[in-house]
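Here is the structure we will look at.
No experiment lies behind these values; they were computed from the predicted model shown.
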Amino acid sequence: MAYIVKQKVNGKDYYYLRKSVREGDKVLSKNLAYLGKTREEAEIKAKEFLKNMENEKVEEKKISKLVQEKISVEELANFCKSKGFVFRSSDIYGGYSGFWDFGPLGSELFNNLKQNWWNHFVQQKENMVGIDASIISHPRTWKASGHLTSFKDIAVICKKCKRSTKLDPNEIGKVKCDCGGEYESQGEFNLLFKTSVGALDKDEAYLRGETAQSMFMDFKLISQTSRVHLPFGIAQIGRCFRNEIAPRDFLFRSREFHIGEFEFFIHPEEKKCDLLDENHLNVKFNFLSEEIQQKNSEELEEIFIKNLVEMNKLGEWHAYWLAEQIIWFRNLGLDEIKIREHTKEELSHYSSATFDIDYTYPFGSKEVAGNANRGQYDLNQHIKESKQKMEIFDEKTNQKVIPRVIEPTFGMERVFLALLTKAYCKNEKGDVVLKLSPNIAPVKVAVFPLVKNDEKLVNLSREIFDNLKKEWNIVYDGSGSVGRRYARNDEIGTPFCITIDGDSIKNKDVTIRDRDTTKQIRVKVSELKEILRKLINCEIKFENLK
Ligand SMILES: [Zn+2]
């Protein structure tokens, strides 16, 4: 509690507001404010001071409250449509199931996400190169890869509610509909989209169902033309097509989507991974093992990457890349993940060990990424089908070898969906605030002139805007109250708003307002770009700015 004290200095009275503060086992008194020379004056000033302090406290509480909002996938789809993130494809024709358009904000956000992935897995790695291959490749690709014979789902219809869906072959007879009804098989369907190439001598061709095959087919060329040596990886992000029987859950299961993946080629006898360090071994996560799943349980255990290696669940290179995947998700702020080991029955035709990385979506914990040990399967298949030699010379061992392959895969739309799910928050007023990381957010900065009829102010605002937009995707917002402009930008995740007011012209400074705390600081116009660069690249936090 604060109290008023009188102090006599040279025979004169001075009043102070004082407070007792406990420090360890001592009680100290601390002056909060000087209150003047008379008791009456002191009482008025003390009241004012305490009221202000109270207001500040309330203000601070308001600031710190940004609560993540549980949102259904339908609500998220509506939100994405209303703000221009994602639309149904061909909306004027009633949409087309399984296809989506990224709108102005969605394409910015998606590009930022893809760039972030590329930066982490390609540019920051010494042993990785990127490619961008064609979507349609020689039809024999898919014969060699096994997709023509093995890339199948069983279409089923629920006998009770008539809902159609797909099952993996190993789920037939084991899985029931959510309504409790039995499924009736409608036969097998290949997931590859067919098309024809050429006008007269038509070739039956396929839209790629995964990006991996071009990395295998280009492997020899890349090893001859790039300065790479084993072990090295080839990465790409690209569109894929799967003729899903039942597209659902918004972007989660669609017929056209992006995969980000890489094939990492290793000498077949190389067991040690010299990049696997303490940081990787100590990555901790929730794990669902094969043994637990065989007992029909979904109980998670918290373990480290090093435990998986000790248990012989995976080799060192496999462990390294699984850890790198988890690290990337955590960098994006996506902590709600678990690792699920594939059971023997569900392993793909090409894999000897596979792990799913599942994210906790509103509609359940579902696969957002995967990590498969493909061994030498794909290269051997292409050697068989093409009759080409694909082994390469390894200088370290003086051997010609066919490398084995580890393949980390990411469903890029699924990561996009996870980012939005995680970012969707509400503030105390109940307004949506999209808490996206500044380096991912579609719009980085909004520039506001405080009033729109002041020519000098508008000129300075335009000047600042023109300078900043050379660097980032930013917006100029001159209409409506400042509060309304903040709200509009909070809703689409703009991390920083710049306000230019009357003092800006005199003092050559502006206000930066932080989306998550709503706190504001004033900075010099000359320093603005550099400060924003650090904030947007997440090199400094807003709270740590002076
Ligand atoms: Zn049913």
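- For the atom pair OG1 of Thr511 and CD1 of Ile500, the computed distance is 8.5 Å after rounding to the nearest 0.5 Å.
- Of the possible polar contacts, none joining the Glu302 side chain to the Asn286 backbone as a donor-acceptor pair under 3.5 Å is found.
- For Glu126, the side-chain hydrogen bond (donor to acceptor under 3.5 Å, both in side chains) test picks out no residue, with sequence neighbours left out.
- Asn371 has its side chain out of reach of Ile357: every pair of non-hydrogen atoms, C-beta onward, lies at least 4.5 Å apart.
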Task: ring pair (Phe, Tyr, Trp, His ring centres under 6.0 Å) assessment of Phe79 paired with Tyr424 - done: CA-CA 10 Å; Phe79 171 79; Tyr424 194 89; 5.1 Å; yes
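- With Arg242 contributing its side chain and Glu256 its backbone, the two residues share no donor-acceptor pair below 3.5 Å.
- Using a 4.5 Å heavy-atom threshold, the side chains of Leu417 and Tyr361 count as touching.
- Heavy-atom neighbours of Tyr96 OH from other residues, nucleotides or ligands within 6.0 Å: at or below the threshold of 12.
- A distance of 4.5 Å separates CD1 in Ile521 from CD1 in Ile512, rounded to the nearest 0.5 Å.
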- [ ] Could you walk me through whether Leu545 and Leu535 pass the side-chain contact (heavy atoms from CB on, under 4.5 Å) test, one step at a time?
- [x] CA-CA 9 Å; Leu545 283 175; Leu535 286 169; 3.9 Å; yes
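- Residues that satisfy the side-chain hydrogen bond (donor to acceptor under 3.5 Å, both in side chains) test with Glu261, not counting sequence neighbours, are Thr211, Thr409.
- Taking a cutoff of 4.0 Å between a charged side-chain nitrogen and a carboxylate oxygen, Glu244 and Arg255 do not qualify as a salt bridge.
- Within 6.0 Å of the CD atom in Glu455, the count of heavy atoms belonging to other residues, nucleotides or ligands does not exceed 12.
- In this structure a side-chain-to-backbone donor-acceptor pair under 3.5 Å is present from Ser461 to Leu457.
- For the pair Lys519 and Glu543, the salt-bridge criterion is not met [side-chain N within less than 4.0 Å of a carboxylate O].
- Using a 4.5 Å heavy-atom cutoff, the side chains of Arg513 and Tyr486 are in contact.
- Panel note: side chain Glu341, backbone Ser289; no donor-acceptor pair is recorded below 3.5 Å.
- Distance alone, capped at 3.5 Å, is enough to place a donor-acceptor pair between the Arg485 side chain and the Gly480 backbone.
- Looking only at side-chain heavy atoms (C-beta outward), Phe410 and His258 stay at 4.5 Å or farther from each other.
- Panel note: side chain Arg88, backbone Gly94; a donor-acceptor pair is recorded below 3.5 Å.
- Not one N or O on the side chain of Asn537 forms a donor-acceptor pair closer than 3.5 Å with the backbone of Glu539.
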Task: Verdict with reasoning, Phe99 to Ser90, per side-chain contact (heavy atoms from CB on, under 4.5 Å) - done: CA-CA 9 Å; Phe99 299 95; Ser90 334; over 6 Å; no
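- Ring centroids of Trp321 and Phe264 are separated by less than 6.0 Å, placing the two rings close together.
- Under the side chain to side chain contact (heavy atoms under 4.5 Å, CB included) criterion, Pro495 pairs with Pro438, Ala441, Arg515, not counting sequence neighbours.
- When side chains are defined from C-beta on, Leu275 counts as touching Asn127, because their heavy atoms get closer than 4.5 Å.
- Side chains of Lys114 and Asn111 form a contact here, defined as non-hydrogen atoms less than 4.5 Å apart.
- Annotation for Glu298: atom CD does not count as buried by contact number, only 12 or fewer foreign heavy atoms lying within 6.0 Å.
- Heavy atoms of other residues, nucleotides or ligands lying less than 6.0 angstrom from NZ of Lys338 number more than 12.
- With Ser297 contributing its side chain and Glu299 its backbone, the two residues share a donor-acceptor pair below 3.5 Å.
- Looking at Asp356 and His342, their side chains come closer than 4.5 Å, going by heavy atoms from C-beta outward.
- Residue Lys524 qualifies as enclosed at atom NZ: its count of foreign heavy atoms under 6.0 Å is above 12.
- One N or O on the side chain of Asp277 and one on the backbone of His280 form a donor-acceptor pair closer than 3.5 Å.
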- [ ] Evaluate the criterion side chain to side chain donor-acceptor pair (under 3.5 Å) for residue pair Asn473 and Lys444; output intermediate values, then yes/no.
- [x] CA-CA 6 Å; Asn473 185 45; Lys444 307 297 187 199; over 6 Å; no
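- Relative to the six-membered ring of Phe355, Arg340 misses at least one condition, a distance below 6.0 Å or an angle of at most 45° to the axis.
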TODO: Evaluate ring pair (Phe, Tyr, Trp, His ring centres under 6.0 Å) for Phe102 paired with Phe416, printing each intermediate quantity in order.
DONE: CA-CA 11 Å; Phe102 285 98; Phe416 179 95; 5.1 Å; yes
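- In Lys70, the NZ atom is not crowded: 12 or fewer heavy atoms of neighbouring residues, nucleotides or ligands sit closer than 6.0 Å.
- Side-chain contact check for Asp514 and Gln520: no donor-acceptor pair (N or O, by modelled atom type) lies under 3.5 Å.
- With respect to the salt-bridge test (charged N to carboxylate O, under 4.0 angstrom), the residues Arg533 and Glu530 qualify.
- Salt-bridge formation is detected for the pair Glu41/Lys45: a Lys NZ or Arg NE/NH1/NH2 atom is positioned less than 4.0 Å from an Asp or Glu carboxylate oxygen.
- Distance CG/Asn112 to CH2/Trp472: 13.0 Å, rounded to 0.5 Å.
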Task: CA sep, side-chain torsions, deciding dist, call: Lys81, Asn78, side-chain contact (heavy atoms from CB on, under 4.5 Å) - done: CA-CA 5 Å; Lys81 182 179 182 183; Asn78 287 336; 5.6 Å; no
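- For Lys83 and Phe85, the positive end is not near the middle of the six-membered ring at less than 6.0 Å and at most 45° from its axis.
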TODO: Applying side chain to side chain donor-acceptor pair (under 3.5 Å), run through Gln7 and Asp13 and close with a yes or a no.
DONE: CA-CA 6 Å; Gln7 271 189 332; Asp13 292 342; over 6 Å; no
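- Under 4.0 Å is where a charged nitrogen must lie from a carboxylate oxygen, and between Glu527 and Lys534 no such pair does.
- Without hydrogens or angle criteria, Asp454 side chain to Val451 main chain gives no donor-acceptor distance under 3.5 Å.
- Annotation: side chain of Asn489 is in contact with side chain of Phe448 (closest heavy-atom distance under 4.5 Å).
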TODO: Run the numbers on Phe250 and Phe252 for ring pair (Phe, Tyr, Trp, His ring centres under 6.0 Å), then give the verdict.
DONE: CA-CA 6 Å; Phe250 188 28; Phe252 186 83; over 10 Å; no
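- For Asp431 and Lys426, the salt-bridge test fails: no basic side-chain N is under 4.0 Å from an acidic carboxylate O.
- A salt bridge links Asp501 to Arg522: at least one charged side-chain nitrogen sits closer than 4.0 Å to a carboxylate oxygen.
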